[in-house]
Amino acid sequence: MISEEEKEELKTELAKLEDEISTLRQVLAAKEKHLVEIKQKLGISLMNELKQNFSKSWHDMQTTSAYKKTHETLSHAGQKATAAISNVGTAISKKFGDMSYSIRHSISMPAMRNSPTFKSFEEKVETTVTSLKTKVGGTSHTGGSFEEVLSSTAHASAQSSLAGTRLPESEEELQC
């Protein structure tokens with residue numbers, strides 16, 4: 001327990017402290033007002049202060065060891081990721097190049113001649129040639145393969161270029 005005398009002393013000290021705090025607040029307010037007046041005269045705005053504070057804080061943060069270590073780690077990871085992505089890109093490019101090469105060279109392979117598309121094309125050419133033979137020669141020749149038709153057309157074309165623009169007179173000339 002505190003005695004009455006001690007209570008009175010503490011109350012007096014409390015009143016003095018409250019009075020001092022009040023005086024300090026008044027002095028601080030006056031100084032803050034004076035600070036604002038000086039800043040206005042110098043043209044320093046709140047926005048400029050914020051920018052300066054931000055720049056200083058950013059600079060202070062960049063100089064910390066934690067930031068430097070994190071920056072180095074992320075930079076190293078970025079370099080590794082870039083290298084990995086580059087390797088993947090190179091591999092994909094190579095694959096596309098290989099596929100392109102494969103497609104170009106597979107066209108000349110015999111397997112293509114057995115494809116349904118090629119067979120359909122072959123039938124259409126044979127039908128067209130047969131139709132032309134009928135119109136030019138007067139008779140229809142349904143036999144012969146695609147190769148025979150091509151060779152007879154090539155032979156007829158060669159004879160035509162040797163003999164001027166002469167058309168074949170018979171079916172034998174067409175077939176050679």
Side-chain angles (χ1 to χ4, degrees), residues 1-131 145-147 149-151 153-154 157:
M1 285 283 186
I2 301 175
S3 68
E4 286 296 319
E5 204 175 294
E6 289 175 337
K7 279 186 182 180
E8 285 300 318
E9 283 180 26
L10 288 174
K11 285 182 181 180
T12 306
E13 190 177 341
L14 180 63
K16 283 181 185 177
L17 283 173
E18 287 176 343
D19 191 38
E20 286 177 13
I21 290 172
S22 176
T23 304
L24 289 173
R25 282 186 180 147
Q26 289 173 359
V27 170
L28 181 61
K31 291 199 181 263
E32 285 177 340
K33 184 179 177 184
H34 186 63
L35 176 73
V36 169
E37 290 170 356
I38 292 173
K39 285 182 179 181
Q40 284 177 346
K41 287 179 183 176
L42 292 174
I44 299 173
S45 68
L46 180 61
M47 187 57 79
N48 290 343
E49 274 190 88
L50 289 174
K51 286 180 186 176
Q52 288 173 353
N53 288 342
F54 180 75
S55 294
K56 185 180 182 316
S57 298
W58 180 249
H59 175 70
D60 291 347
M61 186 194 62
Q62 285 179 322
T63 58
T64 64
S65 62
Y67 177 84
K68 288 178 181 176
K69 286 179 183 177
T70 303
H71 179 71
E72 288 172 12
T73 303
L74 291 176
S75 177
H76 185 67
Q79 290 170 353
K80 288 201 178 240
T82 300
I85 290 170
S86 176
N87 289 341
V88 168
T90 302
I92 289 171
S93 271
K94 187 176 183 307
K95 263 300 185 208
F96 278 135
D98 291 348
M99 285 173 53
S100 170
Y101 176 81
S102 173
I103 289 170
R104 277 194 309 257
H105 287 66
S106 69
I107 290 173
S108 63
M109 298 187 75
M112 184 188 83
R113 296 200 64 213
N114 295 328
S115 72
T117 304
F118 189 82
K119 293 251 185 232
S120 171
F121 175 73
E122 184 178 35
E123 288 171 8
K124 287 179 182 174
V125 169
E126 284 177 359
T127 304
T128 303
V129 169
T130 303
S131 172
S145 69
F146 180 65
E147 286 145 354
V149 171
L150 284 179
S151 105
T153 305
S157 180

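These numbers come from a predicted model, not from an experiment. Scope of the values below: all heavy atoms of this structure, side chains included, with no hydrogens, waters or symmetry mates.
- Here the CG atom belonging to Leu35 is positioned 10.0 Å from the CG atom belonging to Leu28, to the nearest 0.5 angstrom.
- To the nearest 0.5 angstrom, Gln52 atom CD is 9.5 Å from Leu50 atom CG.
- A distance of 4.5 Å separates OG in Ser75 from CD in Gln79, rounded to the nearest 0.5 Å.
- Summarising the local packing, CD of Glu5 is surrounded by 12 or fewer heavy atoms from other residues, nucleotides or ligands at distances under 6.0 Å.
- Judged by distance alone, with hydrogens and angles left aside, the side-chain atoms of Ser86 form no donor-acceptor pair with the main-chain N or O of Thr82 at under 3.5 Å.
- More than 12 heavy atoms of other residues, nucleotides or ligands shown are found within 6.0 angstrom of CD on Glu37.
- Contact detail for Lys7 and Ile2: the closest heavy-atom pair is N-CG2, 3.9 Å.
- In this structure, CG on Leu24 lies 10.0 Å from CG on Asp19, to the nearest 0.5 angstrom.
- For Ser22 (side chain) and Glu18 (main-chain N/O), no donor-acceptor pair under 3.5 Å exists by modelled atom type.
- Under a cut-off of 6.0 angstrom, the local environment of CE in Met47 is sparse, with at most 12 non-hydrogen atoms contributed by other residues, nucleotides or ligands.
- Taking CZ of Phe54 as the reference point, atom NE2 of His59 lies at 13.5 Å (rounded to 0.5 Å).
- Each of Gln40, His34, Lys39 was compared with Val36 under the side chain to side chain contact (heavy atoms under 4.5 Å, CB included) criterion, and only Gln40 meets it.
- Note that the CG atom of Asn53 and the CG atom of Asn48 stand 11.0 Å from one another [nearest 0.5 Å].
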